[in-house]
Protein chains: 2
Amino acid sequence: MNPFYNINSDYKSKLLKELEAQTYEFSKNEEILKKIKNRNYIGIILNGTIQIIKTDYNGNRTIIEELIENDIFGTKISSLSNNEYTITTKDKTKIIIIDYEQLIKVNNQSTYYNQFIKNLLEIIINSVNDKNDRIEILTKKTIRNKLLEYFRIISTKNKSKNIYLPFTFTDLADYLAIDRSAMTRELKYLKEEGFIEIKNKRITLLY
Amino acid sequence: MNPFYNINSDYKSKLLKELEAQTYEFSKNEEILKKIKNRNYIGIILNGTIQIIKTDYNGNRTIIEELIENDIFGTKISSLSNNEYTITTKDKTKIIIIDYEQLIKVNNQSTYYNQFIKNLLEIIINSVNDKNDRIEILTKKTIRNKLLEYFRIISTKNKSKNIYLPFTFTDLADYLAIDRSAMTRELKYLKEEGFIEIKNKRITLLY
DNA sequence: ATTATATTGTTGCAATTGCAACAAATTAAA
DNA sequence: TTTAATTTGTTGCAATTGCAACAATATAAT
């Protein structure tokens, strides 16, 4: 869903001006937004891809989420107040930053403002779904069950037995919060037992 | 935050009527809402406590979340379309159910409606925070680190070294998605090593 | 107050996992 | 196209964990 759905471009400009929204552009593999960490903000991705990455004191890297065009993120939405987190672009990326207090506290009764709030509500409700999926996976106790749950969710979402990994296997292990080599081992067993087939980044479910 | 913040009781009634909201009352330990599972809804807890509980095919029970007055839940917000999930009351509980499509699709430009949407937005943004915390914990690899992360989050939230468990140890194990007996063992080690002190449901951090 | 139910504590053991340390293969950069 | 960097595959081994099966407490119900 587009955050500016049902808002024409004149009103969109007006809205962004009223909210004192800032537009930023970043190139590939840039770590962004280190500066505004102490403010409470909501960000909207106009185009490109970002990853929210966590690196703990041991150096363990975990991909918290990968976001694309029209996804939103922000201090409250993505645990970004914690400074173990970084936001990194995967492509050339353009974003908009809106101050959260400004967004909520402003008393604007215009149609375009109300429509915008409603759009944000829909987007966030959908993003909560993704977090629930992640929790669903992480609560599985074995590596095998985490993998199968991950496959099930993607397969259901795309109505296909073919799963195209949106990132590397290394990243997948981070996402599932498991050891990479142990994951590779388990994938091998799943192949040997005839549950799946793997060709590069495409995994096919045979059940 | 109250979902009806800044909406007086006349407008509140009007709003709920326009949205065809349903009010339900349940007694303690009732499993609720089995009937409306195929509709997409948002629920608001007026008073009481509910738990969203998941029981998988192995019979493993996991508390997904515990919600109280003014919290909201719903199909998209809480993975409730999956029928491994149940909602159970912990106390006498009163809730309101609003049809999601009705809420979003209706074209109502009244102030109270817009205020309500805005309130829901704020509530959901805050609830996303809780899910992030849960993910934070679940991505820790050892039982010890899961426990310490859980303690850290509660302690930070309440600005206190004393943590009062909001549920039983059995439930805590479910919440952390770990084996209960293994958790008890790890808590014993943490006590022996002088990191924590436990008295009934109060855990004191000694570091 | 007695009984029934639920929670907590404990422990041995097998299974699973993370870790470390590589080699092989793939992808990106110079 | 050669070199560098990253990703993938593999395996032994030690550490962690889940599981099962209880006993001991604590809480709730009659």
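Sequence lines set the chain letters: A, B, ... in the order given, protein chains first and strands last, and positions in each chain run from 1. Note that the coordinates shown come from a computational prediction; the quantities given were computed from them, not determined experimentally. Scope of the values below: all heavy atoms of this structure, side chains included, with no hydrogens, waters or symmetry mates.
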Kindly calculate the angle separating the two end axes of the helix from C:dA1-D:dT30 to C:dA30-D:dT1, each obtained from five base pairs, and round it to 10 degrees. 60°
Atom [atom1] of [X] to atom [atom2] of [N]: distance rounded to whole Å?
{"X": "B:Lys188", "N": "C:dG9", "atom1": "NZ", "atom2": "C1'", "answer": "8 Å"}
{"X": "B:Leu187", "N": "C:dT11", "atom1": "CG", "atom2": "P", "answer": "15 Å"}
{"X": "B:Arg144", "N": "D:dA15", "atom1": "CZ", "atom2": "P", "answer": "14 Å"}
{"X": "A:Ile178", "N": "C:dT17", "atom1": "CD1", "atom2": "C1'", "answer": "10 Å"}
{"X": "A:Asp174", "N": "D:dT7", "atom1": "CG", "atom2": "P", "answer": "10 Å"}
{"X": "A:Asp179", "N": "C:dC19", "atom1": "CG", "atom2": "C1'", "answer": "7 Å"}
{"X": "A:Arg180", "N": "D:dT6", "atom1": "CZ", "atom2": "P", "answer": "14 Å"}
{"X": "A:Glu186", "N": "C:dA15", "atom1": "CD", "atom2": "C1'", "answer": "11 Å"}

May I ask you to verify if any side-chain N or O of B:Thr142 is less than 4.0 angstrom from the OP1 or OP2 atom of C:dG18? no
Please check the phosphate of C:dG18 (OP1 and OP2 only) for any side-chain N or O of A:Ser181 closer than 4.0 Å. no
Selected nucleotide, minimal atom distance to A:Thr170 side chain, candidates C:dT17, D:dT7, D:dG18: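 From the listed options, D:dT7 comes nearest.
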If you assign B:Thr168 and B:Ala182 each to the DNA chain C nucleotide with the nearest heavy atom, which residue ends up on the more 5' nucleotide?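 Nearer the 5' end of the strand: B:Thr168.
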Find out whether the Lys NZ or Arg CZ of [X] is both under 6.0 angstrom from the six-membered ring centre of [Y] and within 45° of the ring's axis.
{"X": "B:Lys12", "Y": "B:Phe4", "answer": "yes"}
{"X": "B:Arg134", "Y": "B:Tyr175", "answer": "yes"}
{"X": "B:Arg144", "Y": "B:Tyr189", "answer": "no"}

Near-strand residues of residues 189-207 of chain A, defined as heavy-atom separation under 4.0 angstrom from DNA chain C: none
Which part of the nucleic acid does B:Thr184 contact within heavy-atom distance under 4.0 Å: base, sugar-phosphate only, or nothing? base
Mind checking if B:Arg185 touches a base, just sugar-phosphate, or nothing, with heavy atoms under 4.0 Å?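 Base, at least one base heavy atom under 4.0 Å.
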Please list all pairs passing the salt bridge (Lys or Arg N to Asp or Glu O under 4.0 Å) test where one or both residues lie in residues 153-166 of chain B, with sequence neighbours left out.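 Counting only pairs at least two positions apart or across chains, the salt bridge (Lys or Arg N to Asp or Glu O under 4.0 Å) contacts touching residues 153-166 of chain B are B:Asp130-B:Lys157, B:Asp133-B:Lys157.
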Is the shortest side-chain N to carboxylate O distance from A:Glu25 to A:Lys92 below 4.0 Å? yes
NZ/NE/NH1/NH2 to OD/OE distance under 4.0 Å, B:Arg152 and B:Glu149: yes
Side-chain donor-acceptor pair present, A:Tyr113, A:Lys14, cut-off under 3.5 Å: no
I'd like to know if the side chain of A:Thr93 reaches the main chain of A:Thr89, judged simply by a donor and an acceptor atom lying under 3.5 Å from each other, with no hydrogens or angles considered. no
Any side-chain heavy atom of A:Val128 within less than 4.5 Å of one from B:Val128?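 SC-SC contact between A:Val128 and B:Val128 confirmed.
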